[in-house]
Amino acid sequence: MLMSNPICRLTTLPPGLGSLTSLRQLHVANNKLTSLPNEIGFLTRLEVLKADNNRVLTSSVFIALSLLWLQALHFSNNGLKSLPCTLFKHRLQLATLDLHNTEITMDLLREFEGWEDFDERRRSKHQKQVDFRVNSAAFDEGADKN
């Protein structure tokens with residue numbers, strides 16, 4: 001797992017990050033990133049990407065490329081306005097999506113191809129957490145309403 005130091009306040013990530021092909025989790029939250037390098041698409045085993053609380057404005061092509069094993073994507077508190085409409089279609093493992101405090105709404109996500117399957121995975125994951133009392137937090141849609 002690669003984690004950023006909260007004191008660093010990174011503004012960029014090195015393109016060499018793409019050479020860490022066995023990386024399963026990337027935590028770069030709480031920095032000053034405005035984008036992620038396209039080379040992140042080479043992280044073919046990446047399961048969790050946490051980039052909350054940055055300044056990311058666009059969803060790089062990395063999301064639409066080769067992150068087939070991505071299970072959790074956290075981009076809350078960024079300036080995102082859109083995502084690739086194929087996000088759910090090709091990310092068959094994705095069950096967690098956090099886009100709170102971005103310009104992406106639930107209404108927009110529901111229009112994406114593959115939303116129904118994603119929503120079923122998301123609800124199933126939450127139900128398992130409730131059943132096993134792992135998490136007592138209220139059910140959360142994953143993006144802000146309207």
Side-chain angles (χ1 to χ4, degrees), residues 1-4 6 10-13 15 17-146:
M1 174 177 2
L2 182 63
M3 300 177 79
S4 67
L10 299 172
T11 57
T12 62
L13 294 176
L17 178 69
S19 67
L20 304 173
T21 55
S22 295
L23 192 66
R24 293 185 185 269
Q25 294 190 20
L26 177 60
H27 296 231
V28 292
N30 304 310
N31 284 290
K32 295 182 179 181
L33 300 171
T34 57
S35 66
L36 299 175
N38 289 339
E39 290 82 1
I40 205 167
F42 296 127
L43 304 178
T44 55
R45 295 187 183 175
L46 194 66
E47 296 172 357
V48 177
L49 174 57
K50 290 189 176 188
D52 302 278
N53 302 308
N54 277 287
R55 298 176 178 168
V56 178
L57 299 174
T58 61
S59 59
S60 302
V61 292
F62 75 87
I63 294 176
L65 288 177
S66 58
L67 300 181
L68 299 176
W69 298 106
L70 195 63
Q71 297 172 12
L73 183 59
H74 300 267
F75 266 103
S76 66
N77 299 308
N78 277 286
L80 285 177
K81 296 180 182 184
S82 66
L83 287 171
C85 61
T86 58
L87 177 66
F88 302 128
K89 180 180 177 184
H90 299 295
R91 306 283 102 44
L92 302 180
Q93 304 296 317
L94 188 64
T96 300
L97 180 63
D98 184 356
L99 299 170
H100 292 305
N101 298 316
T102 67
E103 294 192 30
I104 301 169
T105 65
M106 289 301 296
D107 290 340
L108 175 67
L109 293 175
R110 287 184 181 113
E111 294 176 13
F112 285 9
E113 185 176 354
W115 163 260
E116 293 82 12
D117 292 334
F118 164 74
D119 192 43
E120 185 175 320
R121 287 190 304 273
R122 180 176 64 90
R123 290 176 184 275
S124 175
K125 178 181 178 183
H126 178 73
Q127 188 59 50
K128 287 177 186 175
Q129 290 173 337
V130 170
D131 291 346
F132 293 108
R133 298 172 196 240
V134 172
N135 184 355
S136 62
F139 184 65
D140 194 345
E141 291 289 331
D144 297 326
K145 306 278 186 206
N146 297 334

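Hydrogens, waters and symmetry mates play no part in the numbers below; they use all other heavy atoms, side chains included.
How far OG of Ser35 is from CZ of Arg55: 12.5 Å, rounded to the nearest 0.5 Å. Put simply, CD on Glu120 and NZ on Lys125 are 15.5 Å apart, with the number rounded to the nearest 0.5 Å. Considering OG1 of Thr96 and CZ of Arg122, their distance stands at 9.5 Å, rounded to 0.5 Å. The distance from the CD atom of Glu103 to the CG atom of Leu57 is 9.5 Å, given to the nearest 0.5 Å.
Within the 4.5 Å cutoff, the side chain of Leu36 has heavy atoms near those of the Leu13 side chain. Counting only heavy atoms from C-beta outward, the side chains of Glu47 and Arg45 never approach each other to under 4.5 Å. No side-chain heavy atom of Leu92 sits under 4.5 Å from any side-chain heavy atom of Leu94. Between Leu109 and Ile104 there is a side-chain heavy-atom pair separated by less than 4.5 Å. For the pair Leu80/Leu99, a side-chain contact is recorded, criterion being any heavy-atom separation below 4.5 Å from C-beta on.
Not one N or O on the side chain of Asn30 forms a donor-acceptor pair closer than 3.5 Å with the backbone of Asn53. Between the Arg91 side chain and the Leu67 main chain, a donor and an acceptor come within less than 3.5 Å of each other. Not one N or O on the side chain of Asp98 forms a donor-acceptor pair closer than 3.5 Å with the backbone of His74. Side-chain atoms of Asn31 come within 3.5 Å of backbone atoms of Ala29 as a donor-acceptor pair (strictly under, hydrogens ignored).
One side chain, Asn77 or Asn101, offers a donor N or O that lies under 3.5 Å from an acceptor on the other. Donor-acceptor pairing under 3.5 Å is lacking for the side chains of Asn78 and Thr102.
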Could you give me the CA-CA distance, side-chain angles and deciding distance for Leu17 and Leu26, then say whether side chain to side chain contact (heavy atoms under 4.5 Å, CB included) is met?
CA-CA 10 Å; Leu17 178 69; Leu26 177 60; 3.9 Å; yes
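Checked against a 6.0 Å centroid threshold, the rings of Phe118 and Trp115 count as neighbours.
Remark: Arg121 does not engage Asp117 in a salt bridge, criterion side-chain N to carboxylate O under 4.0 Å.
The heavy-atom pair separating Leu23 from Leu43 by the smallest distance is CD2-CD1, 4.1 Å. Across Leu33 and Asn54, no two heavy atoms sit closer than the pair N-OD1, 3.0 Å. Residues Leu108 and Phe112 share a closest heavy-atom pair of O-CD1, 3.5 Å. In terms of heavy atoms, Thr44 sits closest to Trp69 at O-CD1, 3.1 Å. Contact between Pro15 and Pro37 at its shortest, heavy atoms only, is CA-CB, 4.4 Å.
At most 12 heavy atoms of other shown residues, nucleotides or ligands fall within 6.0 angstrom of atom CD in Glu113. Heavy atoms from other residues, nucleotides or ligands lying under 6.0 Å from CZ of Phe42 number 12 at most.
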